[in-house]
Novice: 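Please find one structure pasted underneath; my questions will follow.
Atom set for the values below is all heavy atoms of this structure, side chains included, hydrogens, waters and symmetry mates excluded.
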Amino acid sequence: MGFESGTIIDPVKLATSDHASVVSITLFVTLLCTCIVIGHLLEENRWMNESIIALIIGLGTGVFILLVSGGKSSHLMLFSEDLFFIYLLPPIIFNAGFQVKKKQFFRNFITIMMFGALGTLISFIIISLGAIAFFGKMDIDLAIGDFLAIGAIFAATDSVCTLQVLSQDETPLLYSLVFGEGVVNDATSVVLFNAVQDFDLSHINTGIALQLIGNFFYLFITSTALGVVAGLLSAYVIKKLYFGRHSTDREVAIMMLLAYLSYMLAELFYLSGILTVFFCGIVMSHYTWHNITENSRITTKHTFATLSFVAETFIFLYVGMDALDMEKWKVVSDSPKTSISVSATLLGLVLVGRAAFVFPLSFLSNLTKKSPYDKIDFKKQITIWWAGLMRGAVSMALAYNQFTRAGHTQLRGNAILITSTITVVLFSTVVFGLMTKPLVRLLMPSSKQLSRMMSSEPLTPKSFNVPLLGESMDSEGELFGGNGLGSDAHGSGQGGVRPSRLRMLLTTPTRTVHYYWRKFDDAFMRPVFGGRGFAPYVPGSPTEENVNYWQGENKY
C-alpha cells in the first residue's frame, strides 16, 4: 500500500482526522462503561435491560452532540455495514451457539426450526405483501426488490428483552424456544436478504421464485455444514496437538481464531456467516471445549460472553445516537405524515406477521407432543409472540445495507424507510421492552411452581462443575453410563432407564432421536473429535485430573 507520486499529505488534516478518531473511541468507551454501571445498579428490581439503557444513553448523547454541533450531527462516526457484519455480529452469534443448552435446543429442534425458519418465511411474505399493498397508496417509489428486502428486514426479531426476564432453569422449554427461534430467525432473515439481493426481481415469475427458494435452502444447508466442519476441525486439531500442555493462551487463541475464520469463510463464499458461526459454536461447545484445560474452559466461557455483551451494547448505543441524525430527517421533513404512516404500517405488519405463524405453528407442534409439559399452552404462545415483536441490531444493519450508501441517504423513499426503521426499533425496544417483565410475570406461574412443573432432573454437583451443561443438559447417567441409557442422579451404579425416563422415551419421539444420536456420538464421533470422557490423556494435565475426578465420582 503506497501513495501515488506527487501526492502531498497535509499533516494538519491527518492529525485532525486522528484526533477525531481518538475522540470517538474515547466517547464510546466511556458510554459503554456508563451502560455497564447503570445496568448493574438496576439489576435487582429493573424494568429495563442493557439494551434499553444503551438506547436511552445513546439518545441522550445524540441530543448533547446535536446541541454542541449546532444541529449538524448527532453522532461522531458513520454507520458501517462492515463494522456490524464483520466485527460486531460474529461474537454475538457465536456466543449464542456456544452457551446454548444443547439438550433442550435439540429436544425442541423441530419446533425451533418451524418457528425460526418456516415462521420467518411466513412473516417475510406477509410483511412484503403488506408493504406492496399499503406503500403504493402512500406515493413511495420503491422497486420490487426493495419491498422484498423490507420483508426480510422486519422479519428479523430481537428477543433480548424477553430472554433477560425468562430463566433457563425455571422455564427451560419456553427459554429454549424463544432463544433458539431468535438465533435461527436472525440467520434466516439474513439468508433471505442475501437471496433477494442475488436476483433481478424486476420481472419476477414462477421460475425466479423457485430459484429464490432453492437459493435459500442452498445457503441454509451449506452454511450449516460449513459451521459443523469448522467446529469439528477445531476439536480435532486441539485434541491431537493439545496446546494446553505448554500454554493455555494458545488454546484460547486457536478457538477464537478458528471460530472467526468459519464466519469469514462463509462470507468469502457468499454463504450465511450467522448460521455458520452459530453451529460452529454448538459443535465447539460439544467437542472442542472438553479437549482444553480447565483454565481455558473458564477463560473461553467468560471471554466469549464478554465480547458478545460489549458488541451488543455498542450496537444499541449507536442506534440511539443515529436516531437523531439530521441528514435523514431533513429529507423526510416535508412529509412527516407519510413517515408516521409508514412506521405505523410496518409496526402493524410486524404484529400481524408474527401472530400469523406463532399460533398456527404452536397448534401443529402440540399435535406431535403427548406429554402436557412439552406442549405450548396459550400463555406460552402469547409470550413467544411478544418476544419476537422487538426489532434490533440486525434490522438496523440490513436497513442501512439496503437503503444507504456509505452511511448517507439522499433519496426520499430510502430516507423514509431508514427513519421508519429507526422509529420501529426504538418504539418496539423501549415500549415493548418495558412491558415485557410485567407481561411475563403476569402470564408465567411462580418460580416454585415452574420448578416443579418443568424440571425433569434434579440439580447435581455436576451442574456446577460443568457450567455449559446445567440441569437441562445431559444427565449424569447419560454422561458417564457405559450403556448410554443413564443411571440415577446419585450414580448408584444401577443401569437402565428411570421410570420417568422410560415414559419420556415412549411418549416423546425426540427422545428416541436423542438416544440414537448419543449412541452414534459415543461410538464414532467422540473417539475421533474428543469431548466429555474422551479428552486427551496428558500426564499431570488439568484435563487428566478432571477426567479422573469424573470417573472416580461415577464409581460411587
Novice: What distance separates Thr157 OG1 from Ile384 CD1, expressed to the nearest 0.5 Å?
Specialist: 12.0 Å
Novice: Closest approach of Tyr270 and Leu219, non-hydrogen atoms and distance?
Specialist: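 Smallest heavy-atom distance, with atoms named: O-CD2, 3.2 Å.
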Novice: Could you tell me whether the side chain of Thr419 and the main chain of Ile416 form a donor-acceptor pair under 3.5 Å?
Specialist: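 Side chain of Thr419 to backbone of Ile416, a donor-acceptor pair under 3.5 Å: yes, one is there.
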Novice: Please determine whether side-chain hydrogen bond (donor to acceptor under 3.5 Å, both in side chains) holds for the pair Thr288 and Ser234, giving the CA-CA distance in whole Å, both sets of side-chain angles, and the decisive distance to 0.1 Å.
Specialist: CA-CA 6 Å; Thr288 313; Ser234 71; 2.9 Å; yes
Novice: Step by step, work out the side chain to side chain contact (heavy atoms under 4.5 Å, CB included) result for Met390 and Thr436.
Specialist: CA-CA 10 Å; Met390 275 74 80; Thr436 296; 3.7 Å; yes
Novice: Kindly compute the distance separating CD1 (Ile112) from CZ (Arg107), expressed to the nearest 0.5 Å.
Specialist: 11.5 Å
Novice: Report yes or no: does Asp186 contribute a side-chain atom to a donor-acceptor pair with the main-chain N or O of Val183 at less than 3.5 Å?
Specialist: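 No; zero donor-acceptor contacts below 3.5 Å.
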Novice: Is any side-chain heavy atom of Met256 closer than 4.5 Å to one of Thr303?
Specialist: yes
Novice: Does some side-chain heavy atom of Thr421 sit less than 4.5 Å from a side-chain heavy atom of Ile150?
Specialist: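 Not in contact.
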Novice: With no hydrogens and no angle check, is any side-chain donor or acceptor of Thr276 less than 3.5 Å from a backbone partner on Ser262?
Specialist: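 Looks like no, no N/O pair under 3.5 Å.
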Novice: Might you point out which heavy atoms bring Thr313 and Ala54 nearest each other, and give the distance in Å?
Specialist: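 Here Thr313 and Ala54 meet closest at O-CB, 3.8 Å.
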Novice: Any side-chain heavy atom of Leu307 sitting closer than 4.5 Å to one from Asn95?
Specialist: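 The answer is no; the side chains never approach within 4.5 Å.
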Novice: Within a strict 4.5 Å, meaning less than it, do heavy atoms of the Thr188 and Phe216 side chains meet?
Specialist: yes
Novice: Taking the side chain as C-beta and beyond, is there a heavy-atom pair between Glu181 and Met113 under 4.5 Å?
Specialist: no
Novice: Can any side-chain N or O of Ser176 pair as donor or acceptor with the backbone N or O of Leu173 at less than 3.5 Å?
Specialist: yes
Novice: For a side chain to side chain contact (heavy atoms under 4.5 Å, CB included) check, start with the C-alpha distance between Leu177 and Lys380, then their side-chain angles and the critical distance, and finish with the verdict.
Specialist: CA-CA 10 Å; Leu177 291 178; Lys380 291 188 179 71; over 6 Å; no
Novice: For the pair Cys35 and Phe316, evaluate side chain to side chain contact (heavy atoms under 4.5 Å, CB included) and give the outcome as yes or no after the intermediate values.
Specialist: CA-CA 10 Å; Cys35 289; Phe316 280 102; over 6 Å; no
Novice: Is there a donor-acceptor pair closer than 3.5 Å between any side-chain N or O of Gln381 and the backbone N or O of Ile376?
Specialist: yes
Novice: Does the ring center of Phe94 lie less than 6.0 Å from the ring center of Phe304?
Specialist: yes
Novice: Can you find a side-chain donor-acceptor pair between Thr111 and Ser365 that sits under 3.5 Å?
Specialist: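 The answer is yes; a qualifying pair exists.
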Novice: Nearest 0.5 Å please: distance from the CG atom of Leu364 over to the CD1 atom of Ile110.
Specialist: 12.5 Å
Novice: Compare all side-chain heavy atoms of Phe98 with those of Met255 and state whether any distance is below 4.5 angstrom.
Specialist: yes
Novice: Taking all heavy atoms of Phe357 and all of Gly353, pick out the closest pair and write down the distance.
Specialist: CD2-O, 3.3 Å
Novice: Quick one: are Phe193 and Asn401 in side-chain contact, heavy atoms under 4.5 Å?
Specialist: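 A side-chain contact under 4.5 Å exists here.
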Novice: Is the closest side-chain heavy-atom distance between Val394 and Ile153 below 4.5 Å?
Specialist: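 No, too far: nothing below the 4.5 Å cut-off.
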Novice: Take Phe106 and Ile282 through the test side chain to side chain contact (heavy atoms under 4.5 Å, CB included) and record every step on the way to the result.
Specialist: CA-CA 11 Å; Phe106 285 106; Ile282 290 179; 4.0 Å; yes
Novice: Taking atom CZ as the centre, does Phe309 end up with more than 12 heavy-atom neighbours from other residues, nucleotides or ligands that are less than 6.0 angstrom away?
Specialist: yes
Novice: Hey, can you tell me if Trp385 and Phe359 have their rings parallel, tilted or perpendicular (30° and 60° cut-offs)?
Specialist: tilted
Novice: Look at the aromatic rings of Phe28 and Phe314 and report parallel, tilted or perpendicular, splitting at 30° and 60°.
Specialist: tilted
Novice: Would you confirm whether Gln402, through its side chain, and Ala149, through its main-chain N or O, come within 3.5 Å as a donor-acceptor pair?
Specialist: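 It does not hold such a pair.
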Novice: Is there a donor-acceptor pair under 3.5 Å between the side chain of Asn185 and the backbone N or O of Ala155?
Specialist: yes
Novice: Can you tell me how far CG of Leu226 sits from CG of Leu265, rounded to the nearest 0.5 angstrom?
Specialist: 6.0 Å
Novice: Is a side-chain donor or acceptor of Glu312 paired with a backbone partner of Leu89 at a separation under 3.5 angstrom?
Specialist: no
Novice: So how far is it from Met321 CE to Phe64 CZ, rounded to the nearest 0.5 Å?
Specialist: 11.0 Å
Novice: Do you know the tightest heavy-atom contact between Asp158 and Arg391?
Specialist: CB-C, 4.0 Å
Novice: Classify the ring geometry between Phe432 and Trp386 as parallel (under 30°), tilted (30 to 60°) or perpendicular (over 60°).
Specialist: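 If you compare the ring of Phe432 with that of Trp386, the planes turn out tilted.
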Novice: For Phe220 and Phe217, I'd like to know if the aromatic rings sit close, meaning centre-to-centre distance below 6.0 Å.
Specialist: no
Novice: Distance check, rounded to the nearest 0.5 Å: Tyr263 atom OH versus Leu271 atom CG?
Specialist: 12.0 Å
Novice: If every non-hydrogen atom of Ala356 is compared with every non-hydrogen atom of Ile122, which pair is closest and at what distance?
Specialist: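 For Ala356 versus Ile122, the nearest heavy atoms are CB-CG2, 4.3 Å.
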Novice: For residues Pro360 and Ala355, report the shortest heavy-atom separation together with the two atoms involved.
Specialist: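 Looking at all heavy atoms of both residues, the shortest contact is CD-O, 3.7 Å.
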